[in-house]
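Here the structure is a predicted model, which means the values were calculated and not measured.
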Amino acid sequence: MRPLVARLLTAWIIAQAPFAAHALDPEEMDELVARPSIGLYKAYAEFKMARYDSARGIWSALAQAGVAEAWFHLGILAEDGLGEPRDPAAALERYRRGGEAGSSKAQYRLGLLHLEGRLVPADPVQARYWLAVAAANGDEEAARRLSALPGATPAAR
């Protein structure tokens, strides 16, 4: 059943961007979805070459297949308006989905956005929450930022 779902998802993604440069054929996309670490690497390479449509197509397929890290990258595209209109609400939603699915990068980003009041009003409670979740998932910078927040316990510092 999973290969059928992956093929249908791949076909849908390809249909969404028929004019994208360097579009992958369905078999290539299936392979990238089946091997998420390679898919993330390939999408990042496309991103670095400013092939945002290609990168978005791969990250979208990975996100729909449950790869949390892909949601983080999709959030970057929306936040910065890379290959799509800048959309802060979409960026936040993508980061949230990634954070809830376990992406420590998305969790850290959400913590920073709430801490600094970018894209959303500053919210120290949400900032502390997302930084704590990211820190618990091994993000050292999140742990450092969390310990520097007002009211942090001496043990956390």
Fill in: Trace of the side-chain contact (heavy atoms from CB on, under 4.5 Å) decision for Val133 with Tyr129
CA-CA 6 Å; Val133 172; Tyr129 171 78; 3.7 Å; yes

Worksheet entry | Shortest non-hydrogen contact between Asp25 and Glu28, atoms and distance | OD1-N, 2.8 Å

Practice prompt. Of all the heavy-atom pairs spanning Ala127 and Gly111, show the shortest one and how long it is.
Written response: CB-O, 3.5 Å

Worksheet item: Residues in salt bridge (Lys or Arg N to Asp or Glu O under 4.0 Å) with Glu141, at least two apart?
Response: Arg144, Arg145

Worksheet entry | By salt bridge (Lys or Arg N to Asp or Glu O under 4.0 Å) - contacts of Glu31 (at least two apart) | Arg35

Item to complete: Please report the closest heavy-atom contact between Gln107 and Gly99, naming both atoms and the distance.
Response: NE2-O, 2.9 Å

Item to complete: Examine Leu62 and Leu82 and state if one hydrophobic cluster contains both, with Ile, Leu, Val, Met, Phe, Trp and Tyr joined whenever side-chain heavy atoms are less than 4.5 Å apart.
Response: yes

Worksheet item: Can any side-chain N or O of Gln126 pair as donor or acceptor with the backbone N or O of His114 at less than 3.5 Å?
Response: no

Worksheet item: Please, which pairs that meet salt bridge (charged side-chain N to carboxylate O under 4.0 Å, His left out) have at least one residue in residues 71-81, sequence neighbours excluded?
Response: Glu79-Arg109

Worksheet item: Residues two or more places apart in sequence or in another chain: which of them pass ring pair (Phe, Tyr, Trp, His ring centres under 6.0 Å) with Tyr52?
Response: Phe47

Worksheet entry | Over all atoms of both residues, closest heavy-atom pair of Ile58 and Gly39 | CG2-O, 3.4 Å

Worksheet item: Quick one: CG on Leu113 to OH on Tyr108, what's the gap to the nearest 0.5 Å?
Response: 10.5 Å

Practice prompt. Quick one: closest heavy-atom pair of Ser104 and Asp139, and the distance?
Written response: O-OD2, 4.1 Å

Worksheet entry | Cluster link Ile38 to Trp59, ILVMFWY, side chain under 4.5 Å | yes

Would you tabulate the side-chain donor-acceptor contacts of residues 66-77 under 3.5 Å, counting partners in other chains and residues two or more places apart, or write 'none'?
{"unit_1": "Glu69", "atom_1": "OE1", "unit_2": "Ser103", "atom_2": "OG", "d": "3.2"}
{"unit_1": "Glu69", "atom_1": "OE2", "unit_2": "Ser103", "atom_2": "OG", "d": "3.4"}

Worksheet item: Closest approach of Leu119 and Pro88, non-hydrogen atoms and distance?
Response: CD2-CB, 3.6 Å

Worksheet item: Can you name the residues that form a side-chain hydrogen bond (donor to acceptor under 3.5 Å, both in side chains) with Asp123, not counting sequence neighbours?
Response: none

Practice prompt. Would you give the length of the straight line joining atom CZ of Arg118 to atom CG of Leu115, rounded to the nearest 0.5 angstrom?
Written response: 10.0 Å

Worksheet item: Out of curiosity, Arg96 CZ to Trp130 CH2, how far, rounded to the nearest 0.5 Å?
Response: 8.0 Å

Worksheet item: Between Leu110 and Leu131, is any pair of side-chain heavy atoms under 4.5 Å apart?
Response: no

